[in-house]
Number of protein chains: 2
Amino acid sequence: MNIIDIAKLAGVSKSTVSRYLNDGYVSEESRKKIQDVIDKTGFVPSNHGKTLRTKKTNLIGIILPKISSETISKIVDGVSEEISKENYNIILGNTDLSIEKEIQYLKIFRNKNVDGVIFVATIITEKHLEIIKQMKVPIVIVGQKVEGYPCVYHSDYEAAYEMTNFLIRNNHKNIAYIGTNDEDISAGINRKEGFIKCLQDNKLKYDKNLIKDANFSQEGGYEKAKELLESRNDIDAIFCATYNMSLGVLEYMRENNIKIPEDVSLCAIGDSRFSNLIHPTLTTIQYYYKESGIKSSRMLIDILKGNCNKENLKYIKLGYNFLKRESVKVL
Amino acid sequence: MNIIDIAKLAGVSKSTVSRYLNDGYVSEESRKKIQDVIDKTGFVPSNHGKTLRTKKTNLIGIILPKISSETISKIVDGVSEEISKENYNIILGNTDLSIEKEIQYLKIFRNKNVDGVIFVATIITEKHLEIIKQMKVPIVIVGQKVEGYPCVYHSDYEAAYEMTNFLIRNNHKNIAYIGTNDEDISAGINRKEGFIKCLQDNKLKYDKNLIKDANFSQEGGYEKAKELLESRNDIDAIFCATYNMSLGVLEYMRENNIKIPEDVSLCAIGDSRFSNLIHPTLTTIQYYYKESGIKSSRMLIDILKGNCNKENLKYIKLGYNFLKRESVKVL
DNA sequence: TTGTATGCGTTATCAC
DNA sequence: GTGATAACGCATACAA
């Protein structure tokens with residue numbers, strides 16, 4: 001079933017059908033006949049034939065580390081919502097945290113198999129940059145700031161600073177920090193720097209033994225909490241760079257009857273709808289993930305439409321929401 | 001950058017390049033030259049040109065109600081994992097719970113814009129069936145059993161029966177049930193029937209006032225818990241057809257100082273990784289969502305490959321995992 | 001083993 | 001307003 005079949009059934013030429021499909025000049029009469037045939041047959045034009053001719057795929061490629069993640073699926077939700085308004089569809093590049101697969105998808109998308117790319121990034125290597133530089137379609141990066149490319153990211157430094165400050169204001173002296181891999185600029189370096197800078201600004205001693213790196217996971221948080229709390233008994237707060245890790249810390253403290261926040265306060269960057277149901281409710285920083293999906297899509301579409309005055313929308317840093325709950329002891 | 005450019009650069013004809021790309025007969029010499037050019041240029045063939053010629057898109061369309069859902073994103077994870085093994089990509093039809101959009105995507109996918117469809121279904125209307133009947137590409141339905149089409153779904157009736165039985169064995173007499181819309185066969189009707197049948201089998205009185213319908217959401221659970229517990233004081237257990245609703249019930253009970261499980265037991269179908277962190281830990285039924293994504297993809301690929309002996313893999317009913325935790329009072 | 005020619009479904013150009 | 005026709009990038013039948 002193609003445009004020629006429709007033309008025959010409607011008794012017009014395929015050009016007329018094509019024009020009808022693309023809002024060109026078609027007489028009311030032809031218009032009616034064609035619509036009738038389309039209704040009866042349920043014809044939908046082939047996107048592939050169209051693409052071949054127009055060079056426009058109407059597809060946005062989205063590359064992400066893991067779709068079954070609360071945060072990432074929210075980003076996709078935002079992207080989906082926004083781009084469907086403009087008649088784009090999403091083609092999914094789920095990399096399962098493999099850098100190799102990330103590169104592979106970047107390569108596939110690079111050469112015009114899609115109109116644009118949204119790249120939900122974690123670690124950006126030289127190899128990434130090399131390929132991104134060769135992109136023939138526009139790309140927007142989400143979650144990391146990459147010089148020279150449009151990106152939407154979160155206030156990692158600021159959020160970590162404010163959380164640390166909150167702990168200090170509430171009389172915490174020996175704050176442990178469980179962070180992540182420094183290859184991840186946003187979640188690794190920036191958050192850690194916000195934490196450290198705030199300690200320094202408050203003239204608190206900066207104790208390397210109180211800073212650990214884990215691997216984003218709940219298990220990682222559990223392990224590091226164990227290391228920290230078994231080796232020291234003066235820790236009065238644990239600040240986790242990611243939400244999942246704080247759940248591991250929580251688990252460890254429960255098992256070992258360490259009271260939150262009476263014995264040790266706990267807080268994290270990242271939130272979930274369960275924060276309120278867990279006991280104690282967790283003091284966290286909430287980011288706007290769906291918003292980042294929407295904003296990045298908006299940028300991409302603006303670029304695609306050509307109405308993007310280069311500079312003014314290059315880097316969007318989103319804010320955060322400080323959710324003060326029960327897991328931090330306050331004065 | 002297309003196959004012709006590569007041919008020129010490599011000093012061969014475009015057919016030779018095409019053959020190279022498709023594992024045809026190419027001399028070692030040409031092979032080398034072509035590979036060199038491809039490496040240098042980073043060329044990736046256009047999927048659209050290929051599709052036009054071969055009628056094979058290498059795309060699987062997946063239609064789902066909401067990507068930012070813990071259960072649904074797990075299904076997509078499974079689908080993604082499985083189909084990428086066979087070099088397919090996913091095109092995402094996120095309908096935001098709109099039946100209209102569901103129909104729209106079914107129509108788009110119907111006519112060969114994809115090789116096959118995975119439809120994560122909730123409510124199946126006449127309109128759905130009508131369009132599915134006209135599909136020109138294979139479709140696999142996930143989450144509902146639909147006569148005449150391959151599907152992968154969960155043991156709704158059995159799970160609800162077993163959960164009810166567990167409540168009864170543990171001496172619960174007045175069990176309230178918060179269910180969902182009966183238009184949803186799986187989550188609405190089947191679970192409710194499992195509940196009711198078990199009551200009857202145990203000669204317990206079947207009290208209509210103890211059965212409520214809500215709308216899947218946490219807020220819905222909250223509302224119905226309020227209605228139930230304000231109107232009656234003899235209820236000793238609340239069984240929710242979905243996990244989200246049980247969180248609402250939990251919330252209500254906490255606010256009103258109703259002890260779980262001492263005053264009223266609580267349980268649900270559906271689980272999350274937070275079940276263990278909530279207090280009290282929730283007794284639930286866990287389904288295998290990622291598995292359903294994998295299984296349905298496997299079926300679809302088998303159909304696409306033609307090695308599907310029709311009958312034997314038509315309906316796959318997945319099992320469940322009964323997670324006995326603290327929220328139900330046991331003898 | 002390689003090259004030439006054709007057609008897939010669509011849109012855009014142009015003449016009518 | 002309409003229809004004939006070329007072109008998009010690729011795979012493939014066929015000739016060489």
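Letters go in sequence order (proteins before strands), and every chain restarts at 1. Computed from a predicted structure; not experimentally measured.
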Can a donor-acceptor pair under 3.5 Å be found between the side-chain atoms of A/Arg53 and the base atoms of C/dT10? no
For B/Glu291, is there an ion pair with B/Arg298 - N to carboxylate O distance below 4.0 angstrom? no
Spacing of A/Lys50 atom NZ relative to C/dT11 atom C1', expressed in whole Å: 9 Å
At under 4.0 Å between heavy atoms, what does A/Ser30 touch on the DNA or RNA strands: base, sugar-phosphate, or nothing? sugar-phosphate
Interatomic distance where OH belongs to B/Tyr25 and C1' belongs to D/dA11 [whole Å]: 17 Å
Which nucleotide in the list C/dT11, D/dT2, D/dC10 gets nearest to the side chain of B/Ser46? D/dC10
Output the single nucleotide from C/dT10, D/dG1, C/dG3 whose closest atom is nearest the side chain of A/Asn2. C/dT10
Would you mind checking if A/Lys32 and A/Glu29 are paired as a salt bridge, meaning a charged N to carboxylate O distance below 4.0 Å? no
Mapping B/Gly11 and A/Thr54 to their closest nucleotides on DNA chain C, which lands nearer the 5' end? B/Gly11
Once you round it to whole Å, what is the distance between C1' of D/dG9 and CG of A/Asn113? 11 Å
What contact category does A/Lys55 fall into here, base, sugar-phosphate, or nothing, at under 4.0 angstrom with non-hydrogen atoms? sugar-phosphate
A/Lys295 atom NZ: more than 12 heavy-atom contacts under 6.0 Å: no
Whole angstrom value for the distance that separates C1' of C/dT4 from NZ of B/Lys14: 9 Å
For DNA chain D, whose closest nucleotide is more 5', that of B/Ser15 or that of B/Leu52? B/Leu52
Integer-rounded Å distance: D/dT12 C1' and B/Ile3 CD1: 11 Å
When the distance from CG of A/Leu21 to C1' of C/dA12 is rounded to whole Å, what number comes out? 14 Å
Taking only the side-chain nitrogens and oxygens of A/Ser13, find out if one of them lies under 4.0 Å from OP1 or OP2 of D/dA4. no
Check the phosphate of D/dC10 against B/Ser18, side-chain N and O only, distance under 4.0 Å to OP1 or OP2. Yes or no? no
Describe the nucleic acid contact of B/Phe43 in one word from base, sugar-phosphate, nothing, applying a heavy-atom distance below 4.0 Å. sugar-phosphate
CG of B/Asn22 versus P of D/dT12: gap in Å, rounded? 6 Å
Distance in angstrom units between A/Tyr20 OH and C/dA12 P, rounded: 18 Å
Nearest-nucleotide wise, let me know which of B/Arg19 and B/Asn47 is further upstream toward the 5' end of DNA chain D. B/Asn47
Identify the residue among B/Val142, B/Val140, B/Ile124 that makes a side chain to side chain contact (heavy atoms under 4.5 Å, CB included) with B/Phe119. B/Ile124
Any donor-acceptor pair under 3.5 Å linking the side-chain atoms of A/Asp115 with those of A/Thr57? yes
